[in-house]
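Notes for the one structure printed next.
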Amino acid sequence: MKYVSGACKSGFLKSIAVASIVFAAPMSNVVAGVTDADIANDAKTTGDVVTHGMGLQGQRWSPLNKINSKNIGKLVPAYTFSFGGEKMRGQEAQPLVHDGVIYVTASYNRVFALDAITGKQKWQYDHRLPEGILPCCDVINRGGALYGDLFIFATLDALLVALNTGTGEVVWKQSLGDFKAGHSATAAPIVVEGKVITGVAGGEFGIVGKIRAFDAKTGKLVWERPTIEGHIGTLNGKPNGMTGKLNATWPGDLWKVGGGAPWNNGTYDAETRTILWGTGNPAPWNSHMRPGDNLYAISTLALDPDTGKIKWHFQYTPNEAWDYDGTNHTIPFNKGGKKYAAHADRNGFFYVLDRTNGKLVNAFPFVDGHSWASSIDLKTGRPIEAGKRPGDPTKSADGKKGTVVTVSPSFLGGTNFFGMAYSQNTGLFYVPTNEMGMDIWNEPITYKKGAAYMGAGFSIKPLNDDYIGAMRAFDPMTGKKVWEVKNGAPLWAGAMATAGNLVFYGTPEGFFKAVDAKSGKELWQYQTGSGIVGSPITWEQDGVQYITVPSGWGAAVPLWGGEVAKQIEGIAQGASLVTFKLLK
Ligand code: CA
Ligand code: CA
């Protein structure tokens with residue numbers, strides 16, 4: 001099976017050129033601006049959610065407890081807002097809410113602004129997508145950032161777009177790369193001290209990953225940090241040093257098309273003034289072509305927010321061979337006065353790092369059946385591999401296909417982009433996990449602009465008869481699994497923990513669920529009408545706590561999930577936002 005060429009041919013990508021329509025609200029609709037202080041304090045302030053991750057640390061934690069494990073039975077929908085038309089597909093966003101208005105992105109790069117309490121639409125922005133975009137995994141978007149009177153989000157044709165929050169009109173646009181060469185963008189940007197920070201996707205096309213900071217007000221580029229060694233960064237339009245050392249961990253010229261796409265959003269730790277951003281697979285997938293560790297792919301990079309310089313890095317899977325992108329969030333948390341960061345990787349291991357220097361503190365498997373490596377060496381941080389690399393095709397009889405290996409996790413990951421949650425009350429991380437295996441093999445490949453650059457084929461399959469997904473609670477310091485709730489389909493949506501002793505998450509089967517944060521006991525669920533792949537938020541307005549979650553099935557699993565996708569092909573599409581409150 002060819003990974004990306006299949007996506008280009010599939011029908012949903014042919015119908016994406018749409019008219020750009022802006023329903024302008026009256027100009028009297030003046031919006032109070034989001035300040036740097038609002039962003040810095042977002043995790044503590046309960047009247048709004050102005051950042052992806054519900055705070056720049058990305059803990060997806062709320063101190064609100066008006067909705068709690070005692071009264072959750074009275075949680076009912078306040079309204080359902082439809083994203084409308086025939087444009088369904090995956091709804092992977094996390095909404096934002098400020099000053100009584102919800103801002104949410106939807107599939108096909110649409111943006112909606114709604115009255116947060118009634119669901120009445122204020123405006124809609126439809127981004128005009130050109131023919132020939134090359135997204136890997138559905139026409140999704142994961143959300144935006146708020147700054148001043150701007151809502152800033154990234155598009156499938158690799159633009160960063162700032163809209164006026166009062167009217168939905170475009171204020172500025174910036175390029176993140178040539179979409180014809182495979183650049184695209186789906187993650188929510190973050191704003192750090194007036195700079196909007198974003199990565200770019202395209203690791204399956206041999207792009208070179210870049211993390212960039214733009215002046216959030218004007219869109220002017222401030223700094224740019226390539227994620228692959230040998231490439232030169234910039235600061236204020238001038239060269240600002242090479243990433244790593246040329247050919248230290250890459251052979252020949254392959255670093256020039258080396259991938260490392262930082263396609264998910266990062267987090268920010270104000271205590272150490274550090275941006276933490278994950279990078280994707282080295283390109284191509286065929287690891288035999290690029291002996292060496294292939295820095296700084298498959299790593300968390302710790303960046304200086306002023307200059308984009310790399311302070312430290314931690315690489316999860318050296319000379320990566322299974323598409324275990326290291327792009328999942330790296331989440332700062334403190335314990336016993338120490339500064340840590342947690343990262344549940346696609347490779348099935350949960351890592352705790354000292355976030356002052358990137359040193360490994362703890363690592364443990366968070367999925368069963370992880371067969372590519374037995375454990376992580378806590379001294380070196382390197383995996384103890386189990387001899388499960390797909391074979392070198394140049395050593396096969398016909399030189400065309402290397403030995404097939406069966407390995408888990410699959411490249412869809414023990415978990416993925418959607419974000420685990422951290423409870424400041426229980427000290428536990430809540431991880432939406434999946435147990436899938438894959439057959440994977442390598443093939444010869446040469447780089448061609450705009451063509452899939454993988455040198456691999458695969459087939460994904462379930463590992464267990466009774467479940468694929470499992471919501472799990474872990475103590476990060478001991479690695480103890482405190483509880484789990486199994487799920488038939490793979491979980492593909494973000495978690496949220498609250499001081500109401502609750503953990504919320506959505507399932508592909510359509511249920512939005514609340515469980516007891518301490519015990520995992522299932523307390524409440526609501527059928528949203530389609531599979532959930534987006535992330536919930538909670539906030540309060542006029543003394544009432546609300547919870548909002550997008551619903552709409554799609555994204556990577558049905559496209560690439562092989563036997564898993566077949567098993568769940570009956571799930572209905574949809575495209576809506578559901579807001580809940582307690583029955584009086
Ligand atoms: Ca807030
Ligand atoms: Ca990848």
Side-chain angles (χ1 to χ4, degrees), residues 3-4 7 32 34-64 94-103 116 134-137 145-146 182-184 186-187 190-191 199-209 227-228 257-264 278-287 294 297-299 316-317 320-328 345-347 409-413 416-417 438 440 452-456 458 460 496 498-499 537-541 545-548 555-556 559-560:
Y3 185 61
V4 180
V34 172
T35 65
D36 286 307
D38 291 337
I39 291 168
N41 297 322
D42 191 25
K44 293 180 198 136
T45 54
T46 52
D48 59 21
V49 176
V50 297
T51 58
H52 199 80
M54 299 175 62
L56 286 177
Q57 292 180 310
Q59 292 182 345
R60 309 201 51 73
W61 157 257
S62 171
L64 280 169
Q94 181 219 288
L96 299 175
V97 56
H98 182 250
D99 225 9
V101 180
I102 287 177
Y103 303 91
L134 296 167
C136 86
C137 307
L146 286 167
H183 294 85
S184 64
T186 51
I190 61 169
V191 174
V200 68
E204 275 64 45
F205 294 93
I207 68 141
V208 170
T227 59
I228 296 293
V257 286
W263 56 263
N264 204 5
T279 61
N281 61 284
W285 284 20
N286 180 346
S287 68
N294 311 137
I298 304 280
S299 303
Y316 300 101
T317 314
E320 194 280 325
W322 306 269
D323 190 36
Y324 291 151
D325 285 3
T327 42
N328 296 348
D345 198 76
R346 273 196 7 202
N347 72 15
S410 77
F411 72 83
L412 291 172
N416 208 301
F417 71 89
M438 66 177 169
I440 182 168
Y453 180 55
M454 293 170 62
F458 56 81
I460 288 184
M496 175 173 76
T498 75
I537 57 166
T538 186
W539 82 101
E540 65 179 338
Q541 194 165 323
Q545 184 182 353
Y546 295 86
I547 295 173
T548 290
L559 287 174
W560 306 119

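Whatever order the structure lists ligands and atoms in, that order sets their numbers, starting from 1. Small disclaimer: the values here were computed from a predicted structure and weren't measured. One is the number of the first residue; the rest follow in order along the sequence.
Contact detail for Gln94 and Val49: the closest heavy-atom pair is NE2-CG1, 3.8 Å. Closest approach of Pro63 to Thr46, counting heavy atoms only: CG-CG2, 3.9 Å. The two residues Ala261 and Ile207 make their nearest non-hydrogen contact at CB-CD1, 4.2 Å.
With hydrogens and angles disregarded, a donor-acceptor distance shorter than 3.5 Å links the side chain of Thr279 to the backbone of Ile298.
Between Asn281 atom OD1 and Asp325 atom OD2, the angle centred on the Ca ion (ligand 2) amounts to 110° (nearest 10°). The angle Thr45:OG1 - the Ca ion (ligand 1) - Asp48:OD1 amounts to 80°, with values rounded to 10 degrees.
Classified by interplanar angle (parallel below 30°, tilted 30° to 60°, perpendicular above 60°), the ring pair Trp539/Tyr546 is parallel.
Per residue Glu204, closest N, O or S atom to the Ca ion (ligand 2): atom name OE2. Looking only at N/O/S atoms, Asp323 comes nearest to the Ca ion (ligand 2) through OD1.
Not one N/O/S atom of Thr327, from backbone or side chain, sits under 3.0 Å from the Ca ion (ligand 2).
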